[in-house]
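What follows is a short report on a single structure.
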Amino acid sequence: MTVETITDSKTIPQKSSPANSRGLHVITWGCQMNVYDSARMTDVLAPLGYQPVTSPEQAEMVILNTCHIRERAAEKVFSELGRLRKISEERVSAGLKRSIIAVAGCVAQAEGEEILARAPYVDIVLGPQTYHRLPEMVARAARAGGAVIDTDFPVEMKFDFLPEASAPQVEGNLTAFLTIQEGCDKFCSFCVVPYTRGAETSRSLPSVLNEARRMVESGVREITLLGQNVNAYHGDDGEGGTADLPRLAAALAALPGLERIRYMTSHPRDMDQALIDAHRDNPALMPFLHLPVQSGSDRILKAMNRGHTSDEYRALIARLREACPDLALSSDFIVGHPGETEEDFEATMQLVRDIGFAQAFSFKYSPRPGTPAAGQPFQVDEAIKDVRLQRLQALLREQQDAFNADMVGRTLPVLFTGRGRKPGQITGRSPYLQPVHVEGSDELIGQTVPVVITQRLTNSLAGTLLRERVCA
Ligand code: SAH
Ligand code: SF4
Ligand code: F3S
């Protein structure tokens, strides 16, 4: 759910470009925050005449929005840049304008200078906090003909300088991401995010509500609030105080037309009683929570600087389940953090058995330059990491399959988001983010309808509509 998503610009609505516009192609790697950022960069460039196109061949400007979280992130960027450079050269040979190439996101932030040194044909390097300055950078790059780099952590907040959002929606404009918080002060031993995204900051409540209102007016029914530590949200409430996530969620739930609210990614340490209570009291909050734990070993949790023990995590889950018995959980795990023994790994397996996850992401530890864990002794062998990852993933898969199988016979509210693959079929998402397919008419798209689940497919569910006809 967090970072495994490797998306490209196809998740962002692409319009064919009018004759006098310039093509913009955005390639997005990494987490949902990058998906959101790519949409906002598209918004920022629209007044300059840039309109999204579906391939780099058609583009006068290409933005590569990068992720630095794991393995050989920089190498992947350089290889993609090589491909984009070739395409740009082919454009010139065909008598078209060469493309402006921009590198954005977390690799740009962490290794901006290195990118310009190794790929001097790159025109713009910009960090995640400066994309509101993109038009100025484009103008400077065009004027100077040289590279422009902007990887500041500016005092102004980009959200205050962005045009009104127009394109952050995915899935037929019915569901959308909305960034409310950025950055991280937690400095887990293994993680680059505090270095690439900077310190924890929250957008103001009015600014978030305005954006949400516009989304709902344009048809959005489900909003996922995003942040590296989204449950640490503390935004200026515009009335001299601050608003926390439960208050924001309550204000959002009051927007007519907004049916579902999700948030990710949360940290166990910021899961306070008010937020737990919100899962009981706010019906718009979906009963599906992504709460990364990383490890089940107290020794490793300490080495990771996570700030809680495995039993504290168990106790937290128990409180959440008490408040919301329907709640299902998803998580992130890392195997092979420096110092992880067989016994530590077994403790992770035990935690997974104890909790039971509906879904999870698991990764081999990957040393990230500049992070404390990368320099530690007792790095775990790749081969051992492989074995542990396979064992953990087999267990998680078993749990996911069991969770999905358990849905058969139940009636779930499904928000229909589009047509299915087969004619006559429509598809939507359950409260637990499971894709659900039914035989049904297009007029149900955009509505939330009860569905009786009849079958578990590999990664989705099949069902039948509880009521075949919708009354107006
Ligand atoms: N803020 C979230 C995580 C953001 S990064 C949290 O605190 O839980 C998303 C996930 O990537 C992490 O949960 C972790 O499982 C994984 N990850 C981060 N750094 C990693 C690394 N160096 N090696 C392997 N996985 C990593
Ligand atoms: Fe990274 Fe830890 Fe911050 Fe999550 S809480 S973004 S894992 S440093
Ligand atoms: Fe990757 Fe940056 Fe997101 S490192 S996971 S794109 S915050």
Side-chain angles (χ1 to χ4, degrees), residues 1-7 27-38 64-74 76-77 103-111 127-129 131 151 177 179 181-200 226-233 263-271 289-296 300-301 303-308 313 329-338 340 348 360-376 379-380 382 385 388-389 392-393 396:
M1 200 143 93
T2 39
V3 289
E4 242 338 59
T5 35
I6 305 266
T7 47
I27 300 167
T28 310
W29 293 339
C31 63
Q32 285 85 348
M33 311 233 359
N34 266 11
V35 175
Y36 176 88
D37 288 350
S38 288
L64 181 58
N65 197 5
T66 60
C67 172
H68 205 243
I69 202 85
R70 280 178 297 271
E71 290 135 329
R72 303 213 319 253
K76 217 175 112 194
V77 169
V103 186
C106 291
V107 178
Q109 185 65 47
E111 304 195 20
Q129 305 311 331
Y131 59 72
T151 49
F177 294 132
T179 296
Q181 179 282 334
E182 270 202 281
C184 182
D185 298 335
K186 296 208 168 56
F187 291 91
C188 298
S189 61
F190 50 84
C191 184
V192 289
V193 170
Y195 313 97
T196 63
R197 292 273 173 170
E200 232 167 71
L226 299 180
Q228 270 91 17
N229 277 271
V230 73
N231 57 342
Y233 175 81
Y263 57 94
M264 65 188 295
T265 299
S266 297
H267 195 290
R269 260 156 67 191
D270 295 317
M271 208 72 220
L289 179 63
H290 185 67
L291 195 60
V293 63
Q294 315 297 356
S295 168
I300 295 300
L301 285 168
M304 286 177 162
N305 193 30
R306 291 291 289 181
H308 64 81
Y313 186 82
L329 290 146
S330 133
S331 199
D332 291 346
F333 295 89
I334 295 178
V335 300
H337 183 275
E340 187 187 76
T348 300
F361 295 101
S362 45
F363 312 100
K364 285 194 285 181
Y365 166 73
S366 153
R368 309 312 297 136
T371 58
Q376 276 170 23
Q379 297 285 330
V380 177
E382 253 346 88
K385 287 186 207 168
R388 290 182 186 164
L389 187 67
L392 176 61
Q393 288 187 338
L396 291 167

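Not measured: the values here are computed from a predicted model. Atoms within a ligand are numbered from 1 in the order they appear, just like the ligands themselves.
- Residues I69 and F363 form no side-chain contact, since every pair of their non-hydrogen atoms from C-beta on lies 4.5 Å or further apart.
- Under 4.0 angstrom from ligand 2, the non-hydrogen atoms of F190 all belong to its side chain.
- Residues C106 and R197 share a closest heavy-atom pair of SG-NE, 3.4 Å.
- Close N/O approach between N229 and ligand 1 is not found [any backbone or side-chain N/O within under 3.5 Å].
- Comparing E71, R269, Q228 against atom 1 (N) of ligand 1, the shortest heavy-atom distance belongs to Q228.
- Near Y365, with a cut-off below 4.0 Å to any heavy atom, the atoms of ligand 1 are 23 (N), 24 (C).
- Close approach to P194 involves these atoms of ligand 2, each under 4.0 Å from a residue heavy atom: 8 (S).
- Near R368, the atoms of ligand 1 lying under 4.0 angstrom from a non-hydrogen atom of the residue are 22 (N).
- Among H267, H68, R306, R70, the residue whose heavy atom lies nearest to atom 17 (N) of ligand 1 is R70.
- Donor-acceptor pairing under 3.5 Å is recorded for the side chains of S330 and H290.
- Look at C67 and atom 1 (Fe) of ligand 3: an N/O/S atom of the residue is under 2.8 Å from the metal.
- Note on C106: counted as a metal contact of atom 2 (Fe) of ligand 3, an N/O/S atom lying under 2.8 Å.
- Close approach to F187 involves these atoms of ligand 2, each under 4.0 Å from a residue heavy atom: 8 (S).
- Considering OH of Y131 and CG of N65, their distance stands at 9.0 Å, rounded to 0.5 Å.
- With N231 contributing its side chain and S266 its backbone, the two residues share no donor-acceptor pair below 3.5 Å.
- Counting the atoms of ligand 3 from 1 in the order shown, those under 4.0 Å from a heavy atom of Q228 are 7 (S).
- Ligand 1 lies within reach of T265, whose nearest heavy atom is under 4.0 Å from it.
- Not a single heavy atom of M33 sits closer than 4.0 Å to an atom of ligand 3.
- Between K364 and E382 a salt bridge is recorded (basic side-chain N to carboxylate O distance below 4.0 Å).
- Using a 4.5 Å heavy-atom cutoff, the side chains of E200 and Q228 are not in contact.
- Here is the list of ligand 2 atoms found below 4.0 Å of a heavy atom in H267: 5 (S).
- Pairing each heavy atom of L226 with each of V230, the nearest pair is C-CG2, 3.7 Å.
- Of the options R269, K186, E182, a side-chain hydrogen bond (donor to acceptor under 3.5 Å, both in side chains) to N229 is made by K186 and by none of the others.
- The single protein non-hydrogen atom nearest to atom 1 (Fe) of ligand 2 is C191 SG, 2.3 Å, given as residue, atom name and distance.
- Per-residue contacts place K186 under 4.0 angstrom from the following atoms of ligand 2 (heavy atoms of the residue considered): 5 (S).
- With hydrogens and angles disregarded, a donor-acceptor distance shorter than 3.5 Å links the side chain of S366 to the backbone of E71.
- Close approach to K364 involves these atoms of ligand 1, each under 4.0 Å from a residue heavy atom: 23 (N), 24 (C).
- Listed by number with element, the atoms of ligand 2 under 4.0 angstrom from any heavy atom of V193 are 6 (S).
- With D185 contributing its side chain and A199 its backbone, the two residues share no donor-acceptor pair below 3.5 Å.
- Put simply, the side chain of N305 gets close to the backbone of F187: a donor and an acceptor are under 3.5 Å apart.
- At a heavy-atom cutoff of 4.0 Å, ligand 1 is contacted by no atom of K186, backbone or side chain.
- Heavy atoms from both the backbone and the side chain of F190 come within less than 4.0 Å of ligand 1.
- Atoms of ligand 3 lying under 4.0 Å from any heavy atom of N34, numbered from 1 in the order shown and given with element: 6 (S).
- Between atom 13 (O) of ligand 1 and the options D270, V193, D332, T371, the minimum heavy-atom separation is to D332.
- No heavy atom of M304 sits closer than 4.0 Å to any atom of ligand 2.
- Donor-acceptor pairing under 3.5 Å is recorded for the side chains of S362 and Q393.
- When non-hydrogen atoms are compared, ligand 2 lies under 4.0 Å from neither the backbone nor the side chain of P292.
- No side-chain heavy atom of Y365 sits less than 4.5 Å from a side-chain heavy atom of E340.
- Residue nearest to atom 3 (Fe) of ligand 2, selected from S189, C188, C184: C184 (by heavy-atom distance).
- With no hydrogens or angles considered, no side-chain donor-acceptor pair links H337 and Q376 at under 3.5 Å.
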